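Here is the structure we will look at.
Nothing here was measured: the structure is a model prediction, and the numbers come from that model.
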Amino acid sequence: MHREPEQVPYDEELRAYATDQTLFHVHSLAMEKDPTPLFTWLANIDDLNERQIYLCGPPLLVEKVTDWLQEQGVPEQQIHFEQFDFRP
């Protein structure tokens, strides 16, 4: 997720790497503060509750996505994340 396409770090490198990998995919989703587009995209993933989910982002976003995933039936032990915040 990103606000502007130019804000995606290593986008070119990640996409190049993904072309040779069967289990690694890059999906870029532009959005502001409302996570609804992300939830819509995630809702279309088959067998979401059987997958391992890795999140990285600001604490509030990770919390919202984690809550949503659990509401969709994804077990807590399948949701992985590192919390960070750039603010002092």
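- In this structure, His25 has no ring pair (Phe, Tyr, Trp, His ring centres under 6.0 Å) partners at least two apart in sequence or on a different chain.
- From Trp41, atom CH2 reaches atom OG1 of Thr36 across 15.5 Å, with rounding to the nearest 0.5 Å.
- At a threshold of 4.5 Å between non-hydrogen side-chain atoms, the residues Leu48 and Ile53 count as touching.
- Phe81 is not listed as a side-chain neighbour of Val65, based on a closest heavy-atom distance of 4.5 Å or more.
- With sequence neighbours excluded, the residues forming a side-chain contact (heavy atoms from CB on, under 4.5 Å) with Ala18 are Phe24, Val26, listed by chain and number.
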Distance-only criterion, 3.5 Å: show the donor-acceptor pairs between side-chain atoms of residues 69-78 and protein atoms not counting sequence neighbours.
unit_1 : atom_1 : unit_2 : atom_2 : d
Gln78  : NE2    : Asn49  : O      : 2.9
Gln78  : NE2    : Arg51  : O      : 2.9

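- Leu60 and Val62 are members of different hydrophobic clusters when ILVMFWY side chains are connected at heavy-atom separations under 4.5 Å.
- Legend: side-chain hydrogen bond (donor to acceptor under 3.5 Å, both in side chains) pairs involving residues 12-23, not counting sequence neighbours, sorted by first then second residue: Asp11-Arg15.
- Among residues at least two apart or in separate chains, there is no salt bridge (Lys or Arg N to Asp or Glu O under 4.0 Å) pair with a member in residues 34-44.
- Applying the ring pair (Phe, Tyr, Trp, His ring centres under 6.0 Å) definition to pairs two or more places apart or across chains, those involving residues 42-62 are Tyr54-His80.
- Separation of atoms CG (Leu42) and NE2 (His27) is listed at 10.0 Å; rounding is to 0.5 Å.
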